[in-house]
Amino acid sequence: MEFLVDVNEGDDVERVIDKVALVSGGARGIGAAVASRLHGEGARVVIGDVLDEEGKETAERIGSGALYVHLDVTNPQDWEAAVSAAVETFGSLGILVNNAGIVNFASIEEYTLEQWNAVISVNLTGTFNGIKAAIPALKASKGGSIVNISSIAGIRGYEKIPGYTASKFGVRGLTKSAALDLGHHGIRVNSVHPGVISTPMTAGLEMDMSRVALSRMGHPGEIADLVLYLASNESSFVTGAEFVIDGGDTAGTVTPPAGA
Ligand code: NAP
């Protein structure tokens, strides 16, 4: 059996140089951090979102090699246009980050079909639409990496977010099925499961982090670092896997030190 000792480039090489990435929900929050991090490591990035002003500003802030496109992930035509923009502007597509997501709240008794349909169509069907739209371009690139942003709500249940929890479990399952179907094309598919991250989505929510091992929320840049690994060739043998990044939240509860 052949043992590969070093399949990666030297340390000083930008980690996703010459790759082109499409990041949904990239105007702000985790998606903006991911787009910025990938760009900083040599990728050209297409940011898709429904927040056009914020999205354009984010692309301008990132600079040359970043492009904003309007992308409602529930709309397959928008996805076709976003993939075409990547290929036409930057020549190819090698990385897809399905990040766009929404959350809505109510106990299952009060939760409405409208709430359910809204969250499933963005978080789960939006991810499905993205994978479907990107496959031809990823195949043309002789492979690539799809990173689906799920949640720790895709690992265990949470009260009063039934649609969100179901959608994020769905993303986890869809990831594994797509990984099996696409592996022979050299396309890897993995899911990322953040805990509570400080973004506009969580702004204003009461969060007690005192019983979490690291006793704090995460930062968008910390999620971006994990996505960078999964997008790069450093993760060349990683597919169909789920990556929890939650400061220890799902590991169990801790007793806060006395006086904390
Ligand atoms: P965010 O700050 O709200 O950013 C999400 C972006 O996606 C927003 O710009 C949002 O626009 C956009 N979006 C919503 N619907 C869309 C659609 N149909 N098409 C395209 N874009 C759409 O949220 P975030 O915290 O960065 O979350 C990013 C991802 O991480 C989500 O999938 C979320 O579920 C996941 N996540 C977040 C946390 C957390 O604690 N923050 C934890 C676990 C997982 P609007 O303002 O119009 O909604």
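In what follows, every heavy atom counts, from backbone to side chain, and hydrogens, waters and symmetry copies are set aside. Whatever order the structure lists ligands and atoms in, that order sets their numbers, starting from 1.
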Self-check item: Between Asn123 and Ser167: side-chain donor-acceptor atoms closer than 3.5 Å
Solution: yes
How about Glu110: does its CD atom have over 12 heavy atoms from other parts shown lying under 6.0 Å from it? yes
**Item:** Distance-only donor-acceptor check, side chains Asn99 and Ser24, under 3.5 Å
**Value:** no
One should read off an interatomic distance between Ile245 CD1 and Thr250 OG1, to the nearest 0.5 angstrom, of 11.5 Å
task = Could you verify whether a donor N or O on one side chain and an acceptor N or O on the other, from Arg28 and Thr199, lie under 3.5 Å apart?
result = no
List ligand 1's nitrogen or oxygen atoms that come under 3.5 Å of a protein nitrogen or oxygen, with the partner atom and distance.
unit_1: ligand 1; atom_1: 2 (O); unit_2: Arg28; atom_2: NE; d: 3.1
unit_1: ligand 1; atom_1: 3 (O); unit_2: Arg28; atom_2: NE; d: 3.4
unit_1: ligand 1; atom_1: 3 (O); unit_2: Arg28; atom_2: NH2; d: 2.7
unit_1: ligand 1; atom_1: 9 (O); unit_2: Asp49; atom_2: OD1; d: 3.2
unit_1: ligand 1; atom_1: 9 (O); unit_2: Asp49; atom_2: OD2; d: 2.8
unit_1: ligand 1; atom_1: 18 (N); unit_2: Asp72; atom_2: OD1; d: 3.0
unit_1: ligand 1; atom_1: 19 (N); unit_2: Leu71; atom_2: O; d: 3.3
unit_1: ligand 1; atom_1: 19 (N); unit_2: Val73; atom_2: N; d: 3.0
unit_1: ligand 1; atom_1: 25 (O); unit_2: Thr199; atom_2: OG1; d: 2.5
unit_1: ligand 1; atom_1: 26 (O); unit_2: Ile30; atom_2: N; d: 2.8
unit_1: ligand 1; atom_1: 32 (O); unit_2: Asn99; atom_2: O; d: 2.7
unit_1: ligand 1; atom_1: 32 (O); unit_2: Lys168; atom_2: NZ; d: 2.9
unit_1: ligand 1; atom_1: 34 (O); unit_2: Tyr164; atom_2: OH; d: 2.6
unit_1: ligand 1; atom_1: 34 (O); unit_2: Lys168; atom_2: NZ; d: 3.1
unit_1: ligand 1; atom_1: 40 (O); unit_2: Ile197; atom_2: N; d: 2.8
unit_1: ligand 1; atom_1: 40 (O); unit_2: Ile197; atom_2: O; d: 3.4
unit_1: ligand 1; atom_1: 41 (N); unit_2: Ile197; atom_2: O; d: 3.3
unit_1: ligand 1; atom_1: 41 (N); unit_2: Thr199; atom_2: OG1; d: 3.2
unit_1: ligand 1; atom_1: 46 (O); unit_2: Arg28; atom_2: NH2; d: 3.2

Sorted by chain and residue number, the side chain to side chain donor-acceptor pair (under 3.5 Å) partners of Thr202 (sequence neighbours excluded) come out as none
